[in-house]
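Please read the structure below before turning to the comments.
In each ligand, atom 1 is the first atom listed, and ligand 1 is the first ligand listed. FYI, the numbering just counts along the sequence from 1.
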Amino acid sequence: MKSVAAIGAAALLGAVSANTPEQIRSAFAGYHVVEVDYDHMSKETVDLLVGHEADHYGKNHFKITPEALKALENQNVNFKETTEDWINHFETNFADPNFTCKGAKCAERDMQSFYSSYQDLESLHARARSLVASSSENARIGSIGTTYEGRDQLTVEIGDGTKPLVFYFCNIHAREWLTPMYCMYMAEQLLAGHALLDTYDFTILISANADGYAYTWSTNSQWRKTRKPNPGSSCVGTDPNRNYDNHFCGEGTSTSPCSEVYCGSAPFSEKCVANIRDYGLANADRLVVMQDVHSYSELWMFPYGGISADTPDYDKQMKCSEAAVNAIFQSSGNRWDFGPVYSTIYPAAGTSVDWFYDTLGVVYAMTSELRGTSFQPSASNIIPSNLEMFAAMEAQLICVKAEEGLPGAEVPTAMPVPTPPPTPTCIFFC
Ligand code: 0X9
Ligand code: ZN
């Protein structure tokens, strides 16, 4: 017979183990995930999906209720049922013991090994602290504030505070797991020394939605929003990328707390977003680049998202976005699309880029959607994603330096290499 202590330990283990096959299946229970041709979808169908509180996965998948599925059938919309594929995809990934690494111990791994698994918040923050402590650059750990649940929005800050400032932030959407891995890698590479430090100061916020990220590790890997409850509703959280005061609750948002694009009870109702606003306001005089890193879809975008219009700085924004996506092609052979949010992915009001551009005048207020065909593609994607995004960041900042006539040492660019063949286009979950 098992001892009481053994039963207690087993119960505890059960309580802390996360993203089990049961948890994965229960996250999809009562829903369908359908594949659609979004670019050719009628406005009527898009409105129908939004009205049914659909959850948009990348560009061509929606997680929807059975009622929404019926409505799609009634509209004679072409779709493919993919729910079981998604469940299998996540079950396979999470069954691999090397898919994730949890805790401060993981932070001590060498680079190859660290970036071969997804890392939890504790590991990412521990690595940031230890790399800053051992860097010979002028660097420090900072925090732009704490989240609703009291976690630090930890930053790596590099530079003397006098140069034009580049603010990169990752993981405002909790489930987009490639993104904090990129911000960590970017900090790590810059802390080792880089010619761009001659021109720019950097602030890199590794996990902007730390509460949501913790929840994706503990309970539901597909969580997107913040974790603040909504009074009067059983649905938790606000979409932090609809919570900025720019066309608040406009196109591509919802006022229903149960929606994945819920704009919130008021602009900046979410602490993690208000902290980003306050960091931007406090540093507006030096801020030249703001990059909000998301996944997935392989896109490089800029304002506007809330309205169908080009900004007066369209030419500069296009030029430096093109430089970034060309560097990605050189690096990996992948072809990213680029352009304004509204026309490149979909209308989205109240997002970071529109607010940083309109309110703070940051011309290079940009956002990227990293590679992959799911929010947690296999961990073998982490290193190639980091390499192509880092190459894009270098090209972006070289372009901004030239456009704005910024001083500083010339940045050596990688020797032109023969363009590698494009990685095979996989339709599903590679
Ligand atoms: O819906 C979003 O917020 C973004 N796509 S995602 O799949 N990552 O959720 C696109 C909106 C454009 N992004 C920014 N304006 N930052
Ligand atoms: Zn996102």
Side-chain angles (χ1 to χ4, degrees), residues 33 38 46 49-50 53-63 167-183 205 207-209 212-213 216 222-226 237-254 259-264 270 272-273 276-277 280 289-308 311 317 321 336-360 362 364-377 385 389:
V33 187
Y38 185 79
V46 174
L49 288 168
V50 173
E53 285 155 7
D55 186 2
H56 209 160
Y57 283 18
K59 209 168 181 180
N60 290 322
H61 291 87
F62 286 90
K63 182 177 166 210
F167 177 39
Y168 260 64
F169 71 89
C170 289
N171 200 203
I172 195 68
H173 285 146
R175 63 194 175 187
E176 298 168 7
W177 278 18
L178 278 175
T179 69
M181 298 306 293
Y182 173 70
C183 271
L205 167 55
S207 177
N209 178 5
Y213 191 56
T216 61
Q222 300 313 297
W223 190 259
R224 166 184 171 95
K225 300 191 287 180
T226 62
T238 288
D239 184 348
N241 203 30
R242 300 292 184 279
N243 194 231
Y244 293 82
D245 192 8
N246 192 294
H247 295 281
F248 182 66
C249 299
E251 214 177 326
T253 77
S254 167
S259 166
E260 296 294 340
V261 287
Y262 176 46
C263 45
E270 303 314 286
C272 63
V273 183
I276 292 172
R277 169 200 62 193
V289 174
M290 184 286 291
Q291 189 78 26
D292 176 359
V293 184
H294 291 246
S295 73
Y296 57 92
S297 288
E298 304 185 350
L299 302 169
W300 194 283
M301 298 176 287
F302 49 85
Y304 289 112
I307 52 170
S308 169
T311 76
Q317 291 164 336
S321 298
W336 285 28
D337 199 1
F338 62 101
V341 168
Y342 193 99
S343 54
T344 307
I345 185 163
Y346 41 67
T351 77
S352 58
V353 289
D354 288 9
W355 187 81
F356 272 81
Y357 180 76
D358 272 351
T359 308
L360 300 185
V362 178
Y364 305 96
M366 299 187 154
T367 181
S368 25
E369 298 280 351
L370 302 182
R371 65 164 56 199
T373 47
S374 92
F375 295 114
Q376 288 116 9
S385 165
M389 184 61 193

Which atoms from ligand 1 have a heavy atom of D292 less than 4.0 Å away? 16 (N)

Non-hydrogen atoms of R242 versus ligand 1: any pair closer than 4.0 Å? yes

With a heavy-atom distance limit of 4.0 Å, tell me whether S297 approaches ligand 1 through its side chain, its backbone, both, or neither. neither

Which of the atoms of ligand 1 are close to S352, meaning less than 4.0 Å from one of its heavy atoms? 16 (N)

Near R224, which atoms of ligand 1 are under 4.0 Å from a heavy atom of that residue? 1 (O), 2 (C), 3 (O), 6 (S), 9 (O)

Close to the Zn ion (ligand 2), meaning under 2.8 Å, how many protein N, O or S atoms are there? 4

For C170, enumerate each residue passing the disulfide (SG to SG under 2.5 Å) test, keeping only those at least two apart in sequence or located in another chain. C183

Would you tell me which option among T351, V293, V261 has the nearest heavy-atom contact to atom 15 (N) of ligand 1? T351

Validation row, ring centre Y57 to ring centre F375 under 6.0 Å: yes

Give a yes or no on whether a salt bridge exists between R224 and D55, defined as a side-chain N under 4.0 angstrom from a carboxylate O. no

Would you say the ring centroid of H56 lies under 6.0 angstrom from that of Y346? yes

Check ligand 1 against V353 and write out every atom of the ligand that is under 4.0 Å from a heavy-atom position of the residue. 15 (N)

Run the side chain to side chain donor-acceptor pair (under 3.5 Å) check on S352 and D292 step by step: do they pass? CA-CA 7 Å; S352 58; D292 176 359; 2.6 Å; yes

With nothing but distance in play, are any N or O atoms of Y346 less than 3.5 Å from an N or O of ligand 1? yes

Return yes when Y296 approaches ligand 1 closer than 4.0 angstrom through a heavy atom, no otherwise. no

